[in-house]
Amino acid sequence: MSQNALVHLAVEGRTATVTLDSPHNRNALSRQLVTELAERLEEAEADPGVLVVVLQSADRVFCSGADLSEASGGSMAQGTRAIVDLQRFIVAMSKPVVGRVAGPVRAGGIGLVAACDIVVAADEASFALTEVKLGLTPAVISLTVLPRLSSRDAAYTFLTGETFGGAEAARMGLVTESVAAEALDARVAEVCESLATGAAQGLRETKALLARDLLGRIDAQRDDMAELSARLFGSQEAKEAMTAFLSRGR
């Protein structure tokens with residue numbers, strides 16, 4: 001693995017932990033990070049000794065969404081497709097994926113959260129679907145996010161772009177549960193230990209049963225959503241909004 005790797009894989013016992021580690025852009029979904037995340041997940045999936053996969057971040061920020069510096073400078077056609085494929089892979093894995101969310105998650109990062117089977121978030125974690133503020137829409141991540149939310153919660157969070165915390169995310173169904181920050185690691189470990197008591201075949205077939213409808217939704221809409229997202233990223237309105245946003249951060 002390269003010294004400049006943005007995603008790491010560690011295996012301990014029956015659990016593989018995949019860690020996002022791109023602090024310079026707050027784990028934004030750059031081409032490199034998305035590619036490496038897919039590779040590390042594929043390695044965990046192929047390991048016969050692994051029964052459970054944890055997806056987490058090295059620092060407090062889980063994921064800041066799309067890499068706007070890349071998105072503002074060229075076509076996102078390939079990038080939006082890659083994010084769809086990444087979500088689908090997580091959903092289709094034969095091993096349950098547990099999301100560990102300690103801090104902020106924004107926009108595209110929420111698609112990763114929604115793709116996980118079980119998510120434990122800290123109470124102080126924060127979430128926001130901010131696409132609407134940049135002339136975009138949560139198109140590709142809607143494939144996994146919308147099935148987790150009620151239509152009322154989806155309308156409010158998608159249209160306002162407002163920030164909400166871990167407890168509210170749990171109430172909505174975006175995450176499984178919210179716990180105090182100091183209890184996060186212990187609770188994730190407890191969930192993984194419980195999952196690892198399952199037989200490999202039982203976990204595989206049960207996950208497939210649970211994922212059937214979601215995979216059908218992704219496969220039916222993936223092309224339309226990827227094209228919509230790429231078109232909006234390429235629009236003049238969105239490019240101007242992204243450029244302005246990046247300028248504020250300098």
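Keep in mind that what you see is a predicted model, and the values were worked out from it rather than measured. Values below: every heavy atom of this structure, side chains too, minus hydrogens, waters and symmetry copies.
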Quick check against the 3.5 Å criterion: does [X] have a side-chain atom that pairs as donor or acceptor with the backbone of [Y]?
| X | Y | result |
| --- | --- | --- |
| Ser229 | Met225 | no |
| Thr137 | Ala139 | no |
| Arg106 | Ser126 | yes |
| Lys133 | Gly161 | no |
| Glu124 | Ala180 | no |

For this session: In plain terms, say whether Lys95 and Asp47 are close enough for a salt bridge, that is, a side-chain N and a carboxylate O under 4.0 Å apart.
Result: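 Asp47 and Lys95: not salt-bridged.
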For this session: Output yes when Asp67 and Arg31 qualify as a salt bridge under the 4.0 Å nitrogen-oxygen rule, no when they do not.
Result: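 Salt bridge absent between Asp67 and Arg31.
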Exercise. What pairs with Ser22 under side-chain hydrogen bond (donor to acceptor under 3.5 Å, both in side chains), at least two apart in sequence or on another chain?
Worked result: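 With neighbours one apart ignored, the set is His24, Asn25.
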Would you mind reporting whether [Y] and [X] have side-chain heavy atoms less than 4.5 Å apart?
| X | Y | value |
| --- | --- | --- |
| Val120 | Val175 | no |
| Asn27 | Ser64 | no |
| Phe127 | Val101 | yes |
| Val191 | Ile118 | yes |

For this session: Scan side-chain atoms only and decide if Gln56 and Thr19 contain a donor-acceptor pair under the 3.5 Å cut-off.
Result: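 Checked: Gln56/Thr19 side chains pair up, N/O donor to acceptor below 3.5 Å.
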Problem set entry | Member of Glu36, Glu42, Glu43 meeting the side-chain hydrogen bond (donor to acceptor under 3.5 Å, both in side chains) criterion with Arg40 |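 With Arg40 as partner, Glu36, Glu42, Glu43 yield a single side-chain hydrogen bond (donor to acceptor under 3.5 Å, both in side chains), made by Glu43.
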Exercise. Which heavy-atom pair separates Leu174 from Ala114 by the least distance, and what is that distance?
Worked result: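 Closest heavy-atom pair between Leu174 and Ala114: CD1-CB, 4.2 Å.
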For this session: Applying salt bridge (charged side-chain N to carboxylate O under 4.0 Å, His left out), name anything that partners Asp185, two or more places apart in sequence or on another chain.
Result: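 Salt bridge (charged side-chain N to carboxylate O under 4.0 Å, His left out) list for Asp185, sorted by chain: Arg100.
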